[in-house]
Every structure is written in structure tokens, then in C-alpha cells.
*Asks:* 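To start, I am sharing the structure in question, which I have written as C-alpha cells.
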Amino acid sequence: MGLEAGEPSSFLSLSSAFSYGVASMAMVFVNKAVVMQYVHSMTLLTLQQLATALFIHFGQVLGMSKRKDLSMATAKKLFPVSIFYNANVAFALASLKGVNIPMYIAIKRLTPLAVLVSGFLRGKGKPPTQVSLSVVCTALGVLVAALGDFSFDLYGYSMALISVFFQTMYLILVEKSGADDGLSSMELMFYNSILSIPFLFFIIVATGEFPHSLSVLSEKTASASFSVILLISLVMGIVLNYTMFWCTIVNSALTTTIVGVLKGVGSTTLGFVVLGGVKVHALNVTGLVINTFGGVWYSYAKYTLKKRLPRKVEPDEESHPHK
């Protein structure tokens with residue numbers, strides 16, 4: 001990604017992985033807290049992208065960061081990737097309005113299954129048995145958990161599943177284009193934000209969310225507690241993407257994947273007690289345990305495969321930014 005260096009120290013490797021895990025876990029809860037009070041998720045996403053672009057721009061002006069001048073060729077290459085990235089995040093935010101955190105995380109774990117199916121349909125052949133079985137286990141866990149989810153929300157589930165589709169399309173585009181080659185994490189974040197803002201602004205205007213969403217936001221920010229949560233959400237949007245790229249650069253995409261799965265285990269556990277919305281049922285808990293086991297098994301299967309085939313670049317469905 002453009003930040004090549006020597007062999008990183010154990011402390012640096014651990015720090016980057018830990019930072020990404022904490023940021024990724026925190027982002028789910030922060031976004032859930034915001035959308036529980038502010039339903040205009042597309043406006044929220046627009047504000048997060050605007051905050052990221054301004055942060056990087058002023059960081060460069062103040063000499064805190066460096067980036068190359070914008071290239072139209074690179075922008076054209078990244079534009080489709082940016083569209084699918086934002087569609088993924090937008091539907092994920094929308095799903096959090098009606099889906100509790102443990103079920104949200106469980107549904108998002110269906111992404112490896114979608115990636116494998118798309119790869120098979122594109123003629124990439126049959127995946128290794130352990131990888132196939134682990135994603136089937138993950139999908140089975142979602143089904144069982146949904147049967148025991150008393151707070152089942154069709155809209156929320158639909159939004160989460162559509163988010164999985166867009167995340168899959170995003171990963172396919174990244175794999176095909178190699179769009180992140182030669183860009184530092186800050187540069188990739190800046191391109192993504194700059195390309196996202198016009199598209200997102202068009203969406204919030206076309207759907208009628210804007211300008212009503214701003215008047216609602218103005219009313220909501222009269223509350224100090226909401227203002228703090230919103231500010232944290234904007235900052236965490238920057239921190240999440242940066243730590244994700246940092247972890248991938250310092251370690252590997254595989255490490256980022258495993259951290260993502262372990263983060264999901266922690267988030268699922270905390271999701272039962274934080275922010276509410278979870279009615280415990282034996283089927284629900286059993287399904288989430290199966291789903292989590294499938295996620296950990298998947299990481300182990302990918303790890304062993306990577307060790308056997310060190311030169312083969314595996315597309316990684318959790319090594320790119322998503323929320």
C-alpha cells in the first residue's frame with residue numbers, strides 16, 4: 001500500500017493489531033448509539049466522510065502528514081470502489097436502526113460466503129474444504145440465531161444483507177483493480193472521502209433526507225450528550241480506517257482478518273449487555289455461538305492455507321474498510 005518498511009517490531013505489530021481491534025469494536029457501538037437517536041444514517045455517513053477529508057487536508061496544511069497531489073487517473077480507478085464502499089457502509093448503518101449488535105455482526109459474517117460464491121460463479125474453482133465448511137457453519141449460525149431473535153426486524157435484516165452484497169462487490173472491484181497499490185493509508189482515505197462526498201450529497205438530496213436531516217441534527221445537537229456521541233462517531237470514522245490500513249501494512253491482510261473475527265467475538269458478547277435491544281433466547285444464543293465458531297474456524301482455515309501457499313495472494317473480505 002505504499003508504506004513499505006523493514007521487518008516491524010513485535011511491539012509495533014501488536015500495537016497496530018490491538019488499535020484496529022479496539023477501533024473496529026468501538027465503531028459498531030458508537031454508530032448504534034447515534035442511529036438510535038438520529039435516523040438519518042446517510043447524512044451521518046456524509047458527515048463522517050467530510051470530517052475525514054478535512055482532517056487529512058488540514059493535517060497536510062499544518063505539516064502533520066504528507067500526500068501526493070490528486071491524480072485524475074487514480075480517482076477514476078477508485079471511483080467505482082468508493083461507490084460500493086459507501087453503499088456497504090450506508091446499508092450497514094441503516095440496518096443498525098433495527099438490528100441488535102450481536103445479530104448485526106452475525107449477518108456481516110456472511111460476507112466470506114458471498115465472496116466464495118461469487119468466486120465460484122466467476123470460475124475461480126472450488127475453495128478448500130475447511131474454508132467451505134467454516135462459511136457454511138457461519139451461515140447456519142445466522143439462520144439458527146434469527147429463528148430465536150424475538151426482536152426480528154425485517155427492514156433491519158434486509159439492510160444488513162444488502163450491505164453484505166455491496167461489501168462483496170466492493171471486494172471484487174478492489175481485487176480486480178488493485179486500486180490500493182502505491183497509495184499510503186492517508187492517501188487512500190483521502191481519495192475515498194473526496195470521491196464519496198459528491199455521491200453521498202446527491203443521494204441525501206435525491207431521497208429528500210436533506211435539508212430536513214440538518215434541521216433535525218441542529219435540534220439534536222442542543223443535547224450535550226448527543227453532541228459528544230456524534231463527535232466521537234466522526235472521529236472514530238477516521239480512526240477506524242487509519243488503524244485498519246496501519247494493521248494491514250505493518251502486519252498483513254490475514255492478521256487484519258483474524259483481528260476482525262476476534263473483534264466480532266468481543267462485540268457479540270458486549271452486545272448482549274450494552275445499548276439494549278437483545279432478548280435472550282436459547283436458539284438465538286446457540287446460533288450466535290455457531291456463527292462465532294464458524295468465523296474463528298474460517299480464520300484458522302485461511303491462516304493454514306496461507307502458510308501452505310505463501311506466494312499466493314488470497315482476496316481477503318475483511319481486510320478492507322467496512323463498519
*Asks:* Begin from the C-alpha positions of L234 and F55 and carry the test side chain to side chain contact (heavy atoms under 4.5 Å, CB included) through to its verdict.
*Replies:* CA-CA 10 Å; L234 299 179; F55 173 80; over 6 Å; no
*Asks:* Do L230 and L44 come within less than 4.5 Å of each other through their side chains, counting heavy atoms only?
*Replies:* yes
*Asks:* For a 4.5 angstrom cut-off between non-hydrogen side-chain atoms, does Y85 reach V89?
*Replies:* yes
*Asks:* Would a distance-only check, ignoring hydrogens and angles, find a side-chain to backbone donor-acceptor pair under 3.5 Å from T286 to A282?
*Replies:* yes
*Asks:* Determine, step by step, whether N88 and S163 satisfy the side-chain hydrogen bond (donor to acceptor under 3.5 Å, both in side chains) criterion, reporting the C-alpha distance in whole Å, the side-chain angles of both residues, the deciding distance to 0.1 Å, and the verdict.
*Replies:* CA-CA 5 Å; N88 164 40; S163 172; 2.8 Å; yes
*Asks:* Are the side chain of T74 and the backbone N or O of L70 linked by a donor-acceptor pair below 3.5 Å?
*Replies:* no
*Asks:* When rounded to the nearest 0.5 angstrom, what distance separates CZ in F91 from CG in L96?
*Replies:* 13.5 Å
*Asks:* With side chain to side chain contact (heavy atoms under 4.5 Å, CB included) as the criterion, how do V117 and T168 come out once you've worked through the C-alpha distance, each side chain's angles and the decisive distance to 0.1 Å?
*Replies:* CA-CA 10 Å; V117 170; T168 303; over 6 Å; no
*Asks:* I'd like to check L288 versus M103 (side-chain heavy atoms, cut-off strictly below 4.5 Å). Are they in contact?
*Replies:* yes
*Asks:* When rounded to the nearest 0.5 angstrom, what is the spacing between OG in S223 and CD1 in I229?
*Replies:* 7.5 Å
*Asks:* From M25 CE over to Y20 OH, what is the distance, rounded to the nearest 0.5 angstrom?
*Replies:* 11.0 Å
*Asks:* Indicate the atoms forming the closest heavy-atom contact of L195 with S82, along with that distance.
*Replies:* CB-OG, 3.7 Å
*Asks:* Closest heavy-atom contact between L45 and N86?
*Replies:* CD2-O, 3.6 Å
*Asks:* Can you get from M72 to I83 by hopping between Ile, Leu, Val, Met, Phe, Trp and Tyr side chains that sit under 4.5 Å apart?
*Replies:* no
*Asks:* Hydrophobic cluster membership, with links at side-chain heavy-atom distances under 4.5 Å among I/L/V/M/F/W/Y: are L50 and V216 in one?
*Replies:* no
*Asks:* What are the two closest non-hydrogen atoms of I107 and A160, and how far apart are they?
*Replies:* CG2-CB, 3.6 Å
*Asks:* Side chain of Y191, backbone of S71: donor and acceptor closer than 3.5 Å?
*Replies:* yes
*Asks:* Whether the side chain of T221 engages the backbone of S218 through a donor-acceptor N/O pair (distance < 3.5 Å, no angle test) should be reported.
*Replies:* yes
*Asks:* For the atom pair OH (Y242) and CD1 (I56), what is the distance rounded to the nearest 0.5 Å?
*Replies:* 10.5 Å
*Asks:* Is L143 reachable from V164 through a run of hydrophobic residues whose side-chain heavy atoms are each under 4.5 Å from the next?
*Replies:* no
*Asks:* So if you build clusters from Ile, Leu, Val, Met, Phe, Trp, Tyr with side-chain heavy-atom gaps below 4.5 Å, do F199 and M42 land together?
*Replies:* yes
*Asks:* Measuring only between side-chain heavy atoms, which start at C-beta, is Y300 closer than 4.5 Å to Q130?
*Replies:* yes
*Asks:* Just verifying a value: how many Å separate I197 CD1 and L54 CG, rounded to the nearest 0.5 Å?
*Replies:* 7.0 Å
*Asks:* Looking at side-chain heavy atoms only, is the closest gap between Q49 and N192 below 4.5 Å?
*Replies:* yes
*Asks:* Can you name the nearest heavy-atom pair linking S95 to A92, along with the distance?
*Replies:* OG-O, 2.6 Å
*Asks:* Which atom pair, heavy atoms only, marks the closest approach of A139 to L110?
*Replies:* CA-CD2, 3.5 Å
*Asks:* Not counting sequence neighbours, which residues clear ring-ring contact (aromatic ring centres under 6.0 Å, His included) with Y38? List them please.
*Replies:* H40
*Asks:* Can you name the nearest heavy-atom pair linking S215 to H212, along with the distance?
*Replies:* OG-O, 2.6 Å
*Asks:* Are V22 and V28 co-members of a hydrophobic cluster defined by side-chain heavy atoms under 4.5 Å apart?
*Replies:* no
*Asks:* Counting only heavy atoms not in F226, do more than 12 sit closer than 6.0 Å to its CZ atom?
*Replies:* yes
*Asks:* For S233 and N31, indicate whether the former's side chain and the latter's backbone hold a donor-acceptor pair under 3.5 Å.
*Replies:* no
*Asks:* Any non-hydrogen side-chain atom of F293 less than 4.5 Å from a side-chain atom of T138?
*Replies:* no
*Asks:* Please report the interatomic distance CZ(F84) to CZ(F79), rounded to the nearest 0.5 Å.
*Replies:* 10.5 Å
